[in-house]
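Comments concern the structure below.
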Amino acid sequence: MLRKILINLSLFSALLLCSFGAQAQGMVREFFACNFTNDANMDDLMEARDYMLEHLEMGGIDPVTAFLWTPLKTNNEVDFLWFNQHESLNAFGAGQDDYLTNVHGQMVQNRFDGIVECVSGIVTHQPLYTGGEFNPGDQSVIVNSSACQLKEGKSMAQVTDVIGSFTDMIDDLGSHDKSNGFMQTPLISSSGMDVYFFTVFGNLADWSAAESAMGAAPQAQAIGAAFNDLVSCNTSLWQGQGIVQAP
């Protein structure tokens, strides 16, 4: 069975409706949507990652946990997404100051700037559910992502109600025991999106099994219709992997 939502929905709704400052107390992710330049490729990116880790150590800067997503089935043209995970917005700010003012941080930035062009932003990072049989560890994973805009006159409070119905359904079905689900809301972003949802699976077989189970559930159609009445989403599939582990 799913280990039910890590923060209960009433508190979850309150968090979504509170001020920017209160939202920023929890975990945040810095994201980069990037394309390669100068004929660079993924090998060059991993070499830059290794260079980064070497020079962060030389500069006395602690690395943060980072994840890389590469596209499987998407409707955009980015080569990859890179996420840096921070325990709080304050932790992000302090670490970024260290990075930007340290000569080794500047060397790392120059290395990346020579191979990629990116747009970036910061989002909150909140768990929706945790699958009791799924622990991704260091393995490559499948990420099912939805980037959504609220429809006119709709609110995040309404969205959280539908989230509650969805998590109740998959708990009853046992369909998502091999996955973890998350929601992100923008703090700084120019994407025009109001909320992001993503689910992490061990492989495509687990993703397709979960999708099939939901499709066959009698209550799924009503929940899907309620969700689609509130938001308009772009969905995509990615291959994800952890590429930096914080000490």
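Numbering starts at 1 and runs along the sequence shown.
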Let me check something: any side-chain donor-acceptor pairs from residues 221-236 under 3.5 Å, sequence neighbours excluded? List them with distances.
residue, atom, partner, partner atom, Å
N228, ND2, G224, O, 3.2
D229, OD2, K154, NZ, 3.4
S236, OG, W238, NE1, 2.8

**Report entry** Residue E117 excluded, over 12 heavy atoms near CD under 6.0 Å
**Finding:** no
Requested in this report: Would you indicate whether E57, at its atom CD, is surrounded by more than 12 heavy atoms from other residues, nucleotides or ligands within a distance under 6.0 Å?
Outcome: no
Using every non-hydrogen atom in the two residues, find where [X] and [Y] come nearest and quote the distance to one decimal.
X: F201; Y: V141; result: O-CB, 3.3 Å
X: P63; Y: V244; result: CB-CG1, 4.0 Å
X: H86; Y: M27; result: O-CG, 3.1 Å
X: G59; Y: N102; result: O-ND2, 2.9 Å
X: A33; Y: V78; result: CB-CG1, 4.1 Å
X: A48; Y: R111; result: CB-CG, 4.0 Å

Hey, is the main chain of [Y] close enough, under 3.5 Å, to the side chain of [X] for a donor-acceptor pair?
X: Q158; Y: S155; value: yes
X: Q85; Y: V64; value: no
X: S179; Y: H176; value: yes
X: D97; Y: A94; value: no
X: N41; Y: D43; value: yes
X: N110; Y: Q106; value: yes
X: N35; Y: E77; value: yes
X: N84; Y: E30; value: no
X: T37; Y: I115; value: yes
X: T124; Y: T185; value: yes

**Report entry** Step-by-step side-chain contact (heavy atoms from CB on, under 4.5 Å) determination, M107 to Y51
**Finding:** CA-CA 9 Å; M107 292 170 68; Y51 180 89; 3.4 Å; yes
Working to the nearest 0.5 angstrom, can you tell me the gap between [X] [atom1] and [Y] [atom2]?
X: M58; Y: L53; atom1: CE; atom2: CG; value: 13.0 Å
X: E211; Y: T199; atom1: CD; atom2: OG1; value: 8.0 Å
X: I170; Y: D168; atom1: CD1; atom2: CG; value: 9.0 Å
X: Q96; Y: L89; atom1: CD; atom2: CG; value: 11.0 Å
X: Q239; Y: L204; atom1: CD; atom2: CG; value: 8.5 Å
X: N144; Y: K73; atom1: CG; atom2: NZ; value: 13.5 Å

Under 4.5 Å between any side-chain heavy atoms of [X] and [Y], yes or no?
X: L45; Y: D79; result: no
X: Y196; Y: C148; result: no
X: L128; Y: I163; result: yes
X: L237; Y: I142; result: yes
X: D171; Y: Y129; result: no

Consider only side-chain heavy atoms of I, L, V, M, F, W and Y, link residues closer than 4.5 Å, and tell whether [X] and [Y] are in one cluster.
X: F92; Y: L100; value: no
X: M183; Y: M214; value: yes
X: M169; Y: V159; value: yes
X: I243; Y: V143; value: no
X: M42; Y: V116; value: yes

Requested in this report: Report the C-alpha separation of L187 and V123 in whole Å, then their side-chain angles, then the decisive distance to 0.1 Å, and conclude whether the side-chain contact (heavy atoms from CB on, under 4.5 Å) test is met.
Outcome: CA-CA 5 Å; L187 294 177; V123 294; over 6 Å; no
Pair [X] and [Y], ring centroids less than 6.0 Å apart:
X: F80; Y: F36; value: yes
X: F67; Y: F83; value: no
X: F31; Y: W69; value: no

Requested in this report: Please work out which of the three classes, parallel, tilted or perpendicular, describes the rings of H104 and H55, given edges at 30° and 60°.
Outcome: tilted
Query raised in the report: Going through the distances and angles, do R29 and T65 end up as a side-chain contact (heavy atoms from CB on, under 4.5 Å)?
Result: CA-CA 10 Å; R29 276 191 175 187; T65 296; over 6 Å; no
